J.: 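One structure is given below, represented as structure tokens, and several questions about it will come after.
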Amino acid sequence: MSNIAIRCENLSKQYRIGGYTQHYKVLRDVISDAAAASFRRLKNVARNGNGSRNDYIWALDDVSFEITAGEVVGIIGRNGSGKTTLLKILSRITKPTRGHAEIHGRVGSLLEVGTGFHPELSGRENIFLNGAILGMRKSEIERKFDEIVAFAEVEKFIDTPVKRYSSGMYVRLAFGVAAHMETEVLLVDEVLAVGDAQFQKKCFEKMREIGSHGRTILFVSHNMSAVRSICKEALILERGRVVAQGEIDQTVDQYLSRISTTESLDRAIETNTFSVTSVEVSSICGAVVKTFDPVQVRVQFVPKADIQDPGLYVSFLTMDSRRLTGLDLKDFVTSAPLPAGQTAELGFTIESLPLMPGTYQVEIHLKDMAKRLIEIVPQTFQFEVAETEVYGGRKLDGWFGSVGLRAQPLENISRKDAKTQR
Ligand SMILES: Nc1ncnc2c1ncn2[C@@H]1O[C@H](COP(=O)(O)OP(=O)(O)O)[C@@H](O)[C@H]1O
Ligand SMILES: [Mg+2]
């Protein structure tokens with residue numbers, strides 16, 4: 001019989017939205033990921049309607065699962081699906097409202113929220129503090145110390161208070177500590193996305209190594225190639241519930257096909273004049289969106305007033321809100337007037353989507369050009385571009401950026417051919 005490392009039974013966590021108080025420093029603040037923070041705020045407001053103080057949300061809703069010791073499991077799900085809440089409960093940062101969670105063994109964690117680092121203490125002091133919290137002896141920590149510092153590449157700053165660290169240094173040290181301390185269980189939230197591509201790679205390799213040595217790992221990431229290559233199993237969370245758990249490739253595929261369909265909205269997203277009911281980015285040739293696929297972007301909405309000269313602007317953003325490209329319907333067509341109260345749909349067909357595998361956001365503006373009215377939909381919508389063989393079979397990482405190029409090596413086309421092709 002196999003050993004159980006983690007067991008959750010009917011785990012539920014309720015949060016009050018509106019009365020949003022935070023008692024600990026959020027790593028997101030440290031890394032000043034302002035974009036993500038404002039995104040969450042918008043999302044909360046959107047779900048909360050008028051922002052009334054007495055709305056509750058089930059961040060986790062009756063979650064039960066077991067993880068065998070030594071398993072490396074990816075936790076996947078959209079933003080807001082409860083991944084961080086789950087890791088916070090498992091690492092005892094927060095208590096479940098109902099149900100219970102058992103973990104067998106010591107737990108190391110690298111969470112979105114404070115990893116137990118004290119901002120006023122130096123890197124050195126924090127390493128010792130973390131080791132002590134895990135019940136390690138001083139001599140044990142000393143043995144790990146050099147390894148951690150070398151891995152994190154913070155030798156020069158080891159006696160500087162961590163509050164002076166750059167976001168990259170902070171995450172590197174936090175990961176170094178979590179990965180090198182001898183804990184039976186390691187919980188890693190998606191903070192690794194902060195580090196540079198090379199360091200990410202190093203962390204992924206480290207996790208693979210740790211996993212192969214029998215430690216149990218729960219790994220939250222939006223990077224599906226990383227999840228596929230590190231984990232043997234995955235668990236999908238959707239609105240606080242486990243909707244699937246199983247073999248890695250099959251489960252990731254299932255996740256990708258779930259999210260590539262319409263982002264079903266809890267409720268319509270309101271602007272003054274429009275009520276947006278659905279936003280969809282879908283491939284014309286398959287169940288999931290892949291690089292260079294022909295895709296459609298469909299925006300469904302109900303105008304609250306007659307719209308004489310409807311307009312739509314759609315743009316694609318990276319998850320850190322860098323605008324990659326935008327399209328304005330006005331540059332293509334003049335649309336027929338839309339009567340108030342009737343569901344309308346506007347959008348685009350894109351011949352070939354030049355986005356690399358990853359998660360992106362769609363931003364939408366709805367307009368009535370006759371009234372010079374432009375309304376920005378106060379929430380973005382996420383979609384995933386599934387990993388495919390964009391440039392042959394190689395694994396893509398941050399070095400390849402967000403934009404895919406249809407390219408050929410020069411030597412494949414002789415000059416003569418190139419000329420006659422024109
Ligand atoms: N401290 C909190 N107070 C109120 N709501 C929260 C809090 N933490 C998380 N939530 C809400 O709980 C839901 C799940 O959040 P989270 O676990 O962070 O999701 P994920 O990590 O999958 O993005 C979201 O709707 C989020 O807004
Ligand atoms: Mg999270």
Side-chain angles (χ1 to χ4, degrees), residues 8 11-31 33 35-49 51-63 65 73-99 101 109-115 171 174 187-194 218-224 226-227 234-245 255 258-259 263-267 269 319-321 359-361 378-384:
C8 293
L11 210 59
S12 298
K13 175 71 182 179
Q14 190 182 48
Y15 281 120
R16 199 172 100 177
I17 40 182
Y20 205 122
T21 47
Q22 265 160 353
H23 302 289
Y24 39 77
K25 191 161 175 71
V26 175
L27 179 56
R28 201 183 347 242
D29 296 340
V30 179
I31 63 185
D33 189 354
S38 67
F39 178 57
R40 172 182 289 221
R41 219 147 39 228
L42 289 174
K43 208 155 180 172
N44 281 338
V45 171
R47 286 181 176 213
N48 199 7
S52 104
R53 299 210 119 240
N54 294 315
D55 272 353
Y56 293 88
I57 182 174
W58 287 99
L60 287 181
D61 186 4
D62 203 19
V63 165
F65 64 88
V73 182
I75 309 285
I76 53 186
R78 291 170 192 269
N79 273 359
S81 58
K83 305 180 297 295
T84 298
T85 304
L86 176 63
L87 295 196
K88 274 157 75 177
I89 290 175
L90 293 176
S91 53
R92 313 271 177 232
I93 290 176
T94 188
K95 282 200 174 110
T97 311
R98 289 192 206 131
S109 60
L110 177 60
L111 299 193
E112 221 179 358
V113 295
T115 49
V171 170
L187 309 174
V188 180
D189 206 341
E190 53 201 341
V191 286
L192 286 181
V194 175
L218 292 198
F219 174 45
V220 170
S221 179
H222 276 115
N223 181 339
M224 291 302 137
V227 170
L235 188 148
I236 307 177
L237 279 178
E238 207 172 276
R239 293 158 200 252
R241 288 172 164 267
V242 177
V243 294
Q245 180 182 6
Y255 171 66
R258 286 181 97 96
I259 61 171
E263 172 150 13
S264 43
L265 304 173
D266 287 352
R267 61 176 88 186
I269 308 297
M319 288 308 284
D320 54 0
S321 296
T359 311
Y360 297 87
Q361 312 177 57
Q379 184 180 324
T380 58
F381 305 87
Q382 280 178 46
F383 71 100
E384 199 88 23

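In this text the structure is predicted, and so the values were computed from the model without any measurement. Each ligand, and each atom within it, is numbered from 1 in the order the structure gives.
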J.: Taking non-hydrogen atoms only, is I57 closer than 4.0 angstrom to ligand 1 via side chain, backbone, both or neither?
T.: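 Side chain only; the backbone of I57 stays clear of ligand 1.
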J.: T85 heavy atoms, cut-off 4.0 Å: which ligand 1 atoms fall inside?
T.: 14 (C), 15 (O), 16 (P), 17 (O)
J.: Who passes side chain to side chain contact (heavy atoms under 4.5 Å, CB included) against T85, sequence neighbours left out?
T.: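 T85 satisfies side chain to side chain contact (heavy atoms under 4.5 Å, CB included) with K13, Y15, A59, L60, I89 once adjacent residues are dropped.
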J.: Taking 2.8 Å as the cut-off, does an N/O/S atom of T84 lie below it from the Mg ion (ligand 2)?
T.: yes
J.: My understanding is that only residues two or more places apart in sequence, or in another chain, count here; which of them pass side chain to side chain contact (heavy atoms under 4.5 Å, CB included) with S81?
T.: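 Partners of S81 under the side chain to side chain contact (heavy atoms under 4.5 Å, CB included) test: K83, L237.
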J.: Has R16 got any heavy atom lying under 4.0 angstrom from an atom of ligand 1?
T.: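 Per 4.0 Å heavy-atom rule, R16 contacts ligand 1.
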J.: Hey, are the side chains of K88 and L111 touching, using non-hydrogen atoms and a 4.5 Å cut-off?
T.: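 In contact.
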J.: What distance separates I75 CD1 from S221 OG, expressed to the nearest 0.5 Å?
T.: 11.5 Å
J.: Return the option from G240, G80, A59 holding the heavy atom at the smallest distance from atom 20 (P) of ligand 1.
T.: G80
J.: Need the ligand 1 atom indices (1-based, order shown) with element for anything under 4.0 Å from a heavy-atom of S81.
T.: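 Atoms satisfying the 4.0 Å criterion: 19 (O), 20 (P), 22 (O).
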J.: With heavy atoms of R78 as the reference, note each atom of ligand 1 found under 4.0 Å away.
T.: 22 (O)
J.: Measure the distances from the heavy atoms of G77 to every atom of ligand 1 and state whether one is below 4.0 angstrom.
T.: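 Checking ligand 1 against G77, which is what was asked, there is no heavy-atom contact under 4.0 Å.
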J.: For T359 and E384, test the side chains for any donor-to-acceptor distance below 3.5 angstrom and give the result as yes or no.
T.: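 Checked: T359/E384 side chains pair up, N/O donor to acceptor below 3.5 Å.
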J.: Return yes when E190 approaches ligand 1 closer than 4.0 angstrom through a heavy atom, no otherwise.
T.: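 Contact check E190 vs ligand 1: negative.
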J.: Does any N or O atom in G82 lie less than 3.5 angstrom from one in ligand 1, N or O only?
T.: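 N/O-N/O distance under 3.5 Å: yes.
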J.: Ligand 1 and T84, any nitrogen or oxygen pair closer than 3.5 angstrom?
T.: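 N/O-N/O distance below 3.5 Å exists for this pair.
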J.: Provide the closest heavy-atom pair for W58 versus S12 in the form atom of the first, atom of the second, distance.
T.: CZ3-CB, 3.6 Å
J.: Apply side chain to side chain contact (heavy atoms under 4.5 Å, CB included) to the pair L86 and F65, showing each step before the final yes or no.
T.: CA-CA 12 Å; L86 176 63; F65 64 88; 4.0 Å; yes
J.: Would you kindly say whether T380 and Q361 are connected by a side-chain donor-acceptor distance under 3.5 Å?
T.: yes
J.: Counting both backbone and side chain atoms, is some N or O of N79 under 3.5 Å from an N or O of ligand 1?
T.: no
